Amino acid sequence: MPPPSPTAAGTAALPVMIAVDGFSGAGKTTLAIELAAALRAHHRVSLFHLEDIYPGWDGLAEGIAYYCEKVAAPLAAGRPAVWRAWDWEAGSYGPPRSTAPAEIIILEGVGATAAGAGHLLDAAVWVSAPAGLRREQALERDGDTYAPHWERWAAQERRWAAADPAAARADITVDRQHRHGTPAEAAGYVLRALAGLQLPRLQLSRPEAGAAGAVRVDRLEMPPEPAELFAALYADSPRAVWLDSSSAASPAPAAASGSAHITARSRYSIMADDGGPHGRYAEHRGGVTTIVSGPVSVSRPGPFFQWLDTVWGEPRAAVPRDYPCGFALGWVGFLGYELKRETGGADLPAPDGAPDAALLFTGRAVVLDHELDCLYALTLDDDGGAWAGRVRRAVHAAVSAGPGLPRRPAPPAPQFSVRDSRTSYQAKVRSAQQEITDGNSYEVCLTTSLSARLPNPPDGAQLLELYRELRKRSPAPFASLLRFGSFTLAGTSPERFLSIAADGRLRAEPIEGTRPRGATAEEDRRLEEDLVSSLKDRAENVMIVDLLRNDLSRSAVPGSVAVPRLFAVESYATVHQLVSTVDARLLPEASRAEAVAAAFPPGSMTGAPKISTMAILDRLEGAPRGPYSGVAGWFSLSGAADLSVVIRTLGVQGSSLTLGVGGAVTADSDPAAEWEEVRAKAFGVLSALGSRFPD
């Protein structure tokens, strides 16, 4: 066995203390044994079972106190633990025994993570299972001897847990709802979770790069209709994502002077879930990031962007040179507006049911290349082509089914209500203008929200059908369907927030200035010309461009910030938009997650200056925005990222629907025109649902 790691002073390092806790019968003993076996491949490990020191059937509290003082404390200090086992026949403690320290100490049993030992532990693991399953497993293990005492002992566990909520403090939770999966497989998940904790004295390989540290890419021809492929691959996935460049294959409107840019920005679509051996799901709520992998969840208190910095793109995975897309597996999902608490905004809770952020780690995915008319099957390990074979079969199934496949009927057209009436919204516009007059802002991006309820929560097939209609009526370069269990986002965003290439090139493409499409070609042309010539819209746009130049410069090579495109018109199915482009180059030593945070939330959804204007918006709007006004997209193992602004996006939580809408207010804004802009921006999503803007 390898010797203990030396410290700088040349003495043995203190051990890494890992406690495995949970009620009787949950499976913690077998988990601890398998975990110890896995760690012994590279470390010296000692395993201690608390059941050896419990003094009788009524001795849980006394046993926990004895453990904290006689076992945990000396081992944590690097000294042998001298303790006495309980002699059940004699009813007293037996002769002294000793447990030697090691690089890693695993402490297993009810109370292993008790408050008295908490300050000594590096990682606390809690194993949970339903009471019925726990009793069944405990009696299988201990036989009839335990049966008469089950409730007697369980009552002590409940009393202890009520006074000492150890489960809530756990760093890692193992949910053993069923017998599925072997103890060795569960230990593998825990081992990966421990690596994610990045304990300073425990050197484990990071899970993001995989065992091979390389991404396998298989190119396939004959791409089917994308919705049919998504259904074929991910119909049964509780969590799945589709970043859909739905405008790439759509004919550009005749009046779209910027339509070439639309096509250039929408070459790839990405489909993935959190399945496979590397799949994980991360959710941030109120200052805690929870990462779920199989039956194991890990809680990481602290800022979200700080966590993102530890898991994104370092170390980078090797990618084939001929693979053209920046996405090479990684994290995919959304960051909600309330994460502004980490970037200068007030600390406000997200709406009920919505996480502050939700991301899937995709160890396998499909990338559709709309320019070359092919697709790529990506997997983190060289699996011998198994994933590519599955994708190939799904492609053939989807092609055979075709677009005529019978579909689940969409939910009935919902009746929406709006948080602000026409009168109250226009009053808020005038209040925002007063803030501008008082010198507290130059531009205020005021928003409101529409909401509705469906008779029943839509299932996965209905959500996909709803999204099909959205992408058909309002195709966009950054459309998306993001499904996270009971929470879903379905949107057709036209706006890029920020992209970071693997080599450090930065690009933001803010949108400020909107007109509806005309009913005739002549009216459409007039509306586009009105947008191009509007001094108000140009002023809005240039203010946000200046804001983004400042945001990007905080992480950019000096002198690299440039504006290659200003006031370009991009035309979509329901609106004309005024779009600009801001480019820069990331400093080689800069943190990529911090570069994202420096520009978050999108300036086109706040106004300028950003921090003071966010405070104004908190007062005027009086409600959280949730995912709306945040960003959605991917963070690749290549170090690249591409994120869009969450606008034109429907949120679905159970039976509840929400849609955020708004517009930029300046000193010359007309309150009535601002209200009409809100209606125009809501039209695309509402028409896809068969709904109308509420009177």
Side-chain angles (χ1 to χ4, degrees), residues 14-23 26-29 31-36 38-39 43 45-48 50 64 67-68 71-73 75-76 103-129 160-161 164-177 183 185-208 280-304 306-311 355-357 359 361:
L14 295 177
V16 175
M17 303 280 285
I18 302 171
V20 181
D21 204 342
F23 292 157
K28 57 190 178 298
T29 302
L31 174 64
I33 292 171
E34 292 290 349
L35 183 61
L39 288 168
H43 302 273
V45 180
S46 285
L47 175 58
F48 182 85
L50 269 69
I64 291 174
Y67 149 74
C68 293
V71 179
L75 288 174
E103 286 181 277
I104 300 172
I105 307 291
I106 298 178
L107 307 153
E108 177 274 319
V110 183
T113 62
H119 66 291
L120 306 171
L121 304 177
D122 294 284
V125 180
W126 182 271
V127 185
S128 68
W160 165 67
D164 182 5
R169 295 194 305 268
D171 302 298
I172 300 170
T173 300
V174 183
D175 186 359
R176 304 298 298 272
Q177 286 287 336
E185 290 170 338
Y189 281 110
V190 173
L191 197 63
R192 187 164 66 179
L194 288 169
L197 291 179
Q198 296 180 303
L199 303 176
R201 301 191 308 281
L202 183 61
Q203 300 302 314
L204 297 172
S205 61
R206 290 278 296 280
E208 284 79 17
R280 274 167 292 155
Y281 172 60
E283 189 174 276
H284 187 87
R285 293 178 185 266
V288 177
T289 303
T290 301
I291 305 99
V292 179
S293 178
V296 172
S297 60
V298 182
S299 297
R300 298 288 302 274
F304 170 81
Q306 186 180 92
W307 169 80
L308 181 63
D309 194 39
T310 67
V311 300
D356 291 320
L359 296 169
F361 183 81

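Bear in mind that the values here come from a model prediction, so they are computed numbers and not experimental data.
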**Prompt:** CE of M17 to CG of L107: how many Å apart, nearest 0.5 Å?
**Reply:** 4.5 Å

**Fill in**
Rounding to 0.5 Å, atoms CZ (R280) and OG (S297) come to a distance of 13.5 Å

**Request:** Would you name the heavy atoms of A166 and D21 that are closest together and state the gap between them?
**Result:** CB-OD2, 4.4 Å

**Item:** All side chain to side chain contact (heavy atoms under 4.5 Å, CB included) counterparts of A32, not counting sequence neighbours
**Value:** V20, L47, I106, E108

**Prompt:** Between atom CG of L359 and atom OH of Y281, what is the distance when rounded to the nearest 0.5 Å?
**Reply:** 8.5 Å

**Message:** Please report the interatomic distance CG(L194) to CD1(I172), rounded to the nearest 0.5 Å.
**Reply:** 4.0 Å

**Request:** Name the orientation class of the two ring planes belonging to Y67 and F48 (parallel below 30°, tilted from 30 to 60°, perpendicular beyond 60°).
**Result:** parallel

**Minimum heavy-atom distance L75-P15, with the two atoms named** = O-CG, 3.0 Å

**Request:** Check A114 against R169 and note the closest heavy-atom contact, atom names and distance.
**Result:** C-NH2, 3.6 Å

**Request:** Could you walk me through whether I291 and F361 pass side chain to side chain contact (heavy atoms under 4.5 Å, CB included), step by step?
**Result:** CA-CA 10 Å; I291 305 99; F361 183 81; over 6 Å; no

**Item:** Over all atoms of both residues, closest heavy-atom pair of G116 and C68
**Value:** C-SG, 3.7 Å

**Message:** Listing request: all salt bridge (charged side-chain N to carboxylate O under 4.0 Å, His left out) pairs with a residue in residues 289-301, at least two apart in sequence or in separate chains.
**Reply:** none

**Message:** I want to check something: taking the side chain as every heavy atom from C-beta on, are T290 and S299 in contact at a cut-off of under 4.5 Å?
**Reply:** yes

**Asked** With a 4.5 Å heavy-atom cut-off, do I18 and D122 have their side chains touching?
**Response** no

**Message:** Going by side chain to side chain donor-acceptor pair (under 3.5 Å), name the residues that satisfy it together with W160, two or more places apart in sequence or in a different chain.
**Reply:** D164

**Prompt:** Would you say D356's side chain and G286's backbone share a donor-acceptor pair under 3.5 angstrom?
**Reply:** yes

**Item:** Value rounded to 0.5 Å, distance of CG in L202 from CD1 in I104
**Value:** 5.0 Å

**Fill in**
For R176 and A26, the nearest pair of non-hydrogen atoms, with its separation, is CG-O, 3.8 Å

**Fill in**
Nearest heavy-atom contact between T173 and S128 is CG2-OG, 4.5 Å

**Atom pair OG1 (T289) and CG (L308), whose distance is rounded to the nearest 0.5 Å** = 9.0 Å

**Asked** Counting N and O atoms only, with roles assigned by atom type, does the side chain of K28 sit under 3.5 Å from a partner on the main chain of W126, one being a donor and the other an acceptor?
**Response** no

**L39 side chain reached by E103 side chain, heavy atoms, under 4.5 Å** = no

